[in-house]
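Below is one structure, written out as structure tokens; comments come after it.
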Number of protein chains: 2
Amino acid sequence: MVTSFVHGAGPLIRKLERLIRLDDDERRALDQLPLRVATFDPGQEIVRQGDKPQQCVAVLEGFCSASKIVGDGGRQIVSFHIPGDIPDLQSLHVAEMDVSLTALTQTRILLIQHEDARRLCAQSLRITHAFWRETLIAGAIAKEWVVNIGQRDALTRVAHLFCETIARLDVVGLADDYRCHFPVTQEKLGEAMGLSTVHINRTLQELRGRGLISWERGVLEAHRWEDLQQVGDFDPGYLSLAPDWVVLR
Amino acid sequence: MVTSFVHGAGPLIRKLERLIRLDDDERRALDQLPLRVATFDPGQEIVRQGDKPQQCVAVLEGFCSASKIVGDGGRQIVSFHIPGDIPDLQSLHVAEMDVSLTALTQTRILLIQHEDARRLCAQSLRITHAFWRETLIAGAIAKEWVVNIGQRDALTRVAHLFCETIARLDVVGLADDYRCHFPVTQEKLGEAMGLSTVHINRTLQELRGRGLISWERGVLEAHRWEDLQQVGDFDPGYLSLAPDWVVLR
DNA sequence: CGGCCACTTGAAGAGCGTCAACAAAAGTGG
DNA sequence: CCACTTTTGTTGACGCTCTTCAAGTGGCCG
């Protein structure tokens, strides 16, 4: 892990701007936050389950997953994180990490000391609420994952995840015409969906065979968005996409 | 739904005291909150998915579930709520409810107008953080449900839920010697666990047959807590039961 | 007593997991 | 640049967990 000091929380500000409108004071406070940037290679753990971190991380570039290990050695990915996400905001209030964060690609991460984040919250109630809202939306996504894994068959489940991913990436400008980078192996997709790698593979063949998606070398594309949404039983409401969100058609 | 006006947020204060240390000013502010109490019968919906409520609810007595409907008509329960919970705090920040709240038993509910909750947050940053922490723990529980449903077989899954339920009820003094009220039908348990009623029934027989639990007329008892924990692959860490009193100034 | 709801049981089969082998791609070192 | 290794993707066969359907039992309340 290589870190360097930087000033100016550009991407963080853009993220918050999607949650609330910032005034000049708030923007200045954010801009003066002492920040560090760290770079992680694919497969590296950014934070480990059980850690008691003294800082929060925000994803600047790259993709990560949050996962938990179960007794028999299995692993469940409970969320994917994309640029703009602050995956462990919870560590501000819950001492011990309940998940491990792992880089899926080369990833640039912003580190914010808890101390600084708390000072920022004390300075601006609105920023506090913006952070809180961020964690609430993460919770809404987790609930939808419970629904997805609990109720939907493999085909619907995977289609739903693809819709969710494209919709979230679109908001941060990382999906173009239902096409985005989704650098996940079939094994990891299985760990996220509660399915075996073999069954993921067959499910993907079905989705491809129906002409709904292509997914090669980490690039995912939905060919018929409406149909994919329908197959995936996907309604983006739970994502609470920012007010300037343009509804995908 | 019958409502009446009350003053004094006793149970709410007790709940917050578990999240954060309150000072006298804060206790006074809470005590002066204008509150209403509503009573719901079993099966009644308290808030409906898609609603845009102007108030939050806190459970005083009784049990509720939060559930989402999927396209094919199925239902997934994403959480159970017990006295002391504030199941829809999210509505303070996310306009539209992503779940329906349903009373499982006769339930007494405290209603807090958003307006009042917001004023309270503005008065005390520490109360804001306490509410935020409450939602973070709810998120941690949702993540564990993803793990439970995604990775564990029926027996482990149900055992895990029983452990979680007993552990949570114990904190609010509603479990005595691993014995508690758990007024849920097998059908609803199936909706929570992503399993059919038939398979829930057989799983319960297995748990009973192993002498791990009894569950009759809504009263759940763990006979060998340690063994049940082991069968359920249960580690209570994610519940953040021990208040680690994150220092907020 | 009758009706309803929750629980129970059996039988058959679907969906998905596991195992094992192989193919293709991507990384690695000379 | 090529040979090697490792990782990721693909396929077939088989079997287990869980679902579905259908029938039946037991308790509770009007």
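Letters A, B, ... mirror the listed sequences (proteins, then strands); counts begin at 1. Reckoned from all heavy atoms, side chains included, excluding hydrogens, waters and symmetry mates.
Applying the ring-ring contact (aromatic ring centres under 6.0 Å, His included) criterion to W215(A), with sequence neighbours excluded, gives F162(A), F182(A). Not counting sequence neighbours, the partners of Q229(B) by the side chain to side chain contact (heavy atoms under 4.5 Å, CB included) test are C163(B), W225(B), F234(B), P236(B). Not counting sequence neighbours, the partners of R179(A) by the side chain to side chain contact (heavy atoms under 4.5 Å, CB included) test are V219(A), E221(A). D227(B) pairs by the salt bridge (Lys or Arg N to Asp or Glu O under 4.0 Å) definition with R224(B), not counting sequence neighbours. Taking A154(A) as the reference, L195(A), H199(A), T203(A) meet the side chain to side chain contact (heavy atoms under 4.5 Å, CB included) condition, with sequence neighbours excluded. Taking A103(B) as the reference, F40(B), I46(B), T107(B) meet the side chain to side chain contact (heavy atoms under 4.5 Å, CB included) condition, with sequence neighbours excluded. Partners of D88(A) according to the salt bridge (Lys or Arg N to Asp or Glu O under 4.0 Å) rule, which considers only residues two or more places apart in sequence or in another chain, do not exist here.
Looking at heavy-atom distances under 4.0 Å, G194(A) makes contact with sugar-phosphate atoms alone, never a base.
Here the side chain of T197(A) pairs no donor or acceptor atom with the backbone of Q186(A) at under 3.5 angstrom. Side chain of D233(B) to main chain of G71(A): a donor-acceptor pair is present (N/O by atom type, distance under 3.5 Å, no hydrogens or angles). Side chain of Q76(B) to backbone of A192(B): a donor-acceptor contact under 3.5 angstrom is found. A donor-acceptor pair under 3.5 Å is formed between the side chain of Q151(B) and the backbone N or O of R75(A).
Each end of the helix from dC1(C)-dG30(D) to dG30(C)-dC1(D) gets its own rotation axis from five pairs of C1' atoms, and the angle between them is 50° to the nearest 10 degrees.
Ion pairing between E206(B) and R210(B) holds under the 4.0 Å rule for side-chain N and carboxylate O.
A heavy atom closer than 4.0 Å to some atom of DNA chain C occurs in no member of residues 61-80 of chain B. Within residues 142-162 of chain A, no residue is approached by DNA chain D to less than 4.0 Å at the level of any non-hydrogen atom.
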Detail all sub-3.5 Å separations between protein N/O atoms and N/O atoms belonging to nucleotides 7-9 of chain C.
unit_1: dC7(C); atom_1: OP2; unit_2: Q186(B); atom_2: N; d: 2.7
unit_1: dT8(C); atom_1: OP2; unit_2: Q186(B); atom_2: NE2; d: 2.7
unit_1: dT8(C); atom_1: OP2; unit_2: N201(B); atom_2: ND2; d: 2.5
unit_1: dT8(C); atom_1: O5'; unit_2: N201(B); atom_2: ND2; d: 3.2
unit_1: dT9(C); atom_1: OP2; unit_2: Q205(B); atom_2: OE1; d: 2.9
unit_1: dT9(C); atom_1: OP2; unit_2: Q205(B); atom_2: NE2; d: 2.7

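Surrounding CD of E45(A) are more than 12 heavy atoms belonging to other residues, nucleotides or ligands, all under 6.0 Å away.
Heavy-atom contacts of chain A under 4.0 Å fall on DNA chain D between two terminal nucleotides, which in 5' to 3' order are dT8(D) to dA13(D).
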